[in-house]
Amino acid sequence: MEKRLINYLKTLKANGGSDLHLKSSAKVRLRINGVLRLLGDEYMAAKEMTALAKEILTEERFAALEKDKNLDFTYVLDKKSRFRVNFFHQMDGYSAVFRLIPVDIPTIDELKLPEVIKDFTEYHRGLVLVTGVTGSGKSTTLAAILDRINNNEKKHIITIEDPIEFVHKDKGCLINQRSVGQDTNSFSDALRGALREDPDIILVGEMRDLETIDIAVHAANTGHLVFSTLHTLDAKETIDRIIGMFPTAEQNRIRASLASVLEGIISQRLVETVDGGRTAAIEILKKTARIEQLILENRDYEILDALFEGKDIYGTQTFDQALIDLYEQRRISKEVVMRNATNPSDMKLKMEGIGKGAIKVDEDEAKKKEEDIFDFKEEEQEE
């Protein structure tokens with residue numbers, strides 16, 4: 001069974017895919033440019049999925065899978081191919097998703113991330129969060145940030161991940177990477193221990209529970225730089241989610257702490273480009289006196305306006321501003337802008353050159369952009 005798996009993973013790589021989906025009693029699928037596609041007539045029976053799990057896992061880890069009904073681990077295909085894997089039980093048997101992890105860590109410039117993100121690599125303390133839905137590129141963005149620090153600084157970095165995705169070699173920094181389940185029992189245990197291990201920077205793969213969040217905020221309060229991720233859509237929801245996880249009696253305390261230590265939030269969504277690929281549209285919150293005050297005074301509803309107005313001065317931006325930038329760079333179409341806009345009616349006015357932040361493109365240029373996009377789609381259909 002493992003030989004079949006290897007062939008599937010090689011096919012995934014050869015086609016520029018991101019995920020391999022295997023399901024008991026179902027055909028094999030690959031995710032390519034965000035779309036699930038059938039891999040011919042390849043099919044996995046329920047007994048084959050069980051056999052595959054037994055082949056690629058140790059007896060102890062297979063027993064853990066049987067007991068817990070799901071398991072996260074890393075599968076190494078070769079020196080240049082590693083995969084983050086989740087095996088889980090569903091009504092027909094086992095299913096699995098293999099997510100390709102690039103071995104070569106891309107730079108912030110190669111990912112075409114906003115220049116202001118480099119500022120977050122120069123902080124000495126505080127909390128920086130990267131948020132978004134599953135598969136939006138959070139881990140890749142964090143890896144690029146950490147790699148820039150590794151190249152430019154001389155610090156001790158501890159990462160706590162489940163599982164370890166990007167492997168960082170010691171360059172200017174000393175980096176200790178710990179995998180939950182293998183090197184530590186939980187995020188909170190490892191994070192608590194990290195405070196006694198002389199770190200300058202701590203990366204927490206995900207802030208999943210109240211205890212982990214509380215310790216992470218405490219670590220940032222005591223002079224460490226903490227990076228982590230959350231499955232939230234934007235900056236406002238991120239702040240609301242963190243504070244909302246605490247009991248009512250504790251919320252004023254955590255709000256004050258968060259206002260003090262939060263240095264930035266990078267929220268990203270992947271959108272379709274005109275060439276059929278995907279790129280990240282990114283909302284950026286950067287700590288300013290106004291942002292700190294809004295969080296402290298429970299005026300989170302004003303954060304979006306603060307991000308919009310701070311674009312030219314601080315480099316902050318909303319999702320809609322990011323979409324407009326991508327459109328003006330001719331990387332995404334008008335349809336994609338409208339489909340992904342936070343406020344479609346407001347965006348429609350901006351696209352028509354009306355209101356604050358309106359797009360100013362002369363009619364000939366705008367028409368040319370639309371024709372280019374239309375021509376591309378026609379060529380795609382012909383193929």
Side-chain angles (χ1 to χ4, degrees), residues 2 5-22 28-36 39 52-53 56-57 61 70-88 95-113 130-151 157-171 173 175-184 187 190 203-206 208 227-231 266 268-270 277-280:
E2 189 169 10
L5 171 65
I6 290 170
N7 286 334
Y8 295 157
L9 294 176
K10 287 182 176 178
T11 302
L12 178 75
K13 280 196 67 180
N15 286 275
S18 60
D19 301 84
L20 167 67
H21 286 257
L22 304 177
V28 177
R29 287 169 167 81
L30 308 178
R31 186 176 294 279
I32 300 172
N33 289 330
V35 179
L36 279 180
L39 183 55
L52 175 62
I56 65 176
L57 294 171
R61 302 216 82 185
N70 70 86
L71 183 70
D72 291 315
F73 59 96
T74 302
Y75 183 82
V76 180
L77 180 61
D78 52 46
K79 289 182 179 180
K80 293 190 175 182
S81 306
R82 300 175 71 251
F83 296 83
R84 183 183 72 199
V85 188
N86 180 265
F87 244 94
F88 59 98
S95 285
V97 180
F98 289 73
R99 163 68 57 84
L100 178 62
I101 305 168
V103 173
D104 298 323
I105 301 172
T107 66
I108 291 173
D109 290 332
E110 287 169 346
L111 292 173
K112 297 182 179 177
L113 300 176
V130 181
T131 80
V133 299
T134 300
S136 58
K138 298 186 298 295
S139 297
T140 306
T141 296
L142 267 181
I145 289 172
L146 219 60
D147 189 58
R148 182 176 173 86
I149 295 171
N150 194 13
N151 282 312
I157 301 173
I158 295 176
T159 78
I160 308 161
E161 303 169 74
D162 183 20
I164 292 171
E165 298 187 26
F166 292 89
V167 176
H168 295 269
K169 296 179 180 178
D170 295 342
K171 296 177 185 175
C173 295
I175 303 183
N176 283 299
Q177 295 186 257
R178 306 186 69 191
S179 177
V180 173
Q182 178 178 313
D183 306 310
T184 181
F187 280 110
L203 183 147
V204 184
E206 185 181 344
R208 294 179 178 174
F227 291 98
S228 192
T229 70
L230 275 173
H231 292 286
I266 302 164
Q268 51 191 69
R269 303 173 193 170
L270 292 183
R278 292 188 297 169
T279 191

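The CZ atom of Phe83 lies 5.5 Å from the CG atom of Leu77; values are rounded to the nearest 0.5 Å. Remark: Thr279 OG1 to Lys112 NZ distance equals 7.0 Å, nearest 0.5 Å. Note that CZ of Arg61 and CD1 of Ile56 are 10.5 Å apart. Values are rounded to the nearest 0.5 Å. Taken to the nearest 0.5 Å, the CZ atom of Arg82 stands 5.0 Å off from the OG1 atom of Thr74. We find the CG-CD1 distance between Leu142 and Ile105 to be 11.5 Å, quoted to the nearest 0.5 Å. Going from atom CG of Leu20 over to atom OG1 of Thr11 covers 9.0 Å, rounded to the nearest 0.5 Å.
In terms of the side chain to side chain donor-acceptor pair (under 3.5 Å) criterion, Gln182 has no residue partners (sequence neighbours excluded). The salt bridge (Lys or Arg N to Asp or Glu O under 4.0 Å) check on Arg84 picks up Glu165, with sequence neighbours excluded. The side chain to side chain donor-acceptor pair (under 3.5 Å) check on Asn86 picks up Asp72, with sequence neighbours excluded. Ser81 meets the side chain to side chain donor-acceptor pair (under 3.5 Å) test with Lys13, Asp78; sequence neighbours excluded. Applying the side chain to side chain donor-acceptor pair (under 3.5 Å) criterion to Asp147, with sequence neighbours excluded, gives Asn151, Lys171.
Nearest heavy atom pair, residue Phe166 against residue Ser139, reads CE1-O, 3.8 Å. Across all non-hydrogen atoms, the minimal contact from Cys173 to Ile149 is SG-O, 3.6 Å. Contact between Val130 and Lys138 at its shortest, heavy atoms only, is O-CD, 3.6 Å. Across all their heavy atoms, Tyr8 and Leu30 have their closest contact at O-CD2, 4.4 Å. Minimum heavy-atom separation, Ala144 to Leu111: CB-CD1, 3.8 Å.
Sorted by first and then second residue, the salt bridge (Lys or Arg N to Asp or Glu O under 4.0 Å) pairs with a member in residues 95-111 read Asp19-Arg99, Asp109-Lys118; sequence neighbours excluded.
Applying the side-chain contact (heavy atoms from CB on, under 4.5 Å) test between Ile175 and each of Ile158, Val167, Asp170 identifies Asp170 as the sole match.
Taking 4.5 Å as the limit, every side-chain heavy atom of His168 sits out of range of all side-chain heavy atoms of Ile157. Side-chain contact between Ile266 and Leu113: absent, with no pair of heavy atoms (C-beta onward) separated by less than 4.5 Å.
A parallel orientation is assigned to the rings of Phe73 and Phe87, their planes being inclined by less than 30° (bins at 30° and 60°).
A distance-only check finds no donor-acceptor pair linking the side chain of Asn150 to the backbone of Leu146 [under 3.5 Å]. Between the Glu161 side chain and the Leu203 main chain, no donor and acceptor come within less than 3.5 Å of each other. Looking at Gln268, its side chain does come within 3.5 Å of a backbone N or O of Gly137 through a donor-acceptor pair. Using modelled atom types, one side-chain atom of Arg178 and one backbone atom of Asp183 make a donor-acceptor pair closer than 3.5 Å. Proximity of a side-chain donor or acceptor of Ser228 to a complementary backbone N or O of Val204 within less than 3.5 Å is detected.
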message: Could you walk me through whether Phe227 and Thr159 satisfy the side-chain contact (heavy atoms from CB on, under 4.5 Å) test, starting with their C-alpha distance in whole Å, then the side-chain angles of each, then the deciding distance to 0.1 Å, before giving a yes or no?
response: CA-CA 9 Å; Phe227 291 98; Thr159 78; over 6 Å; no

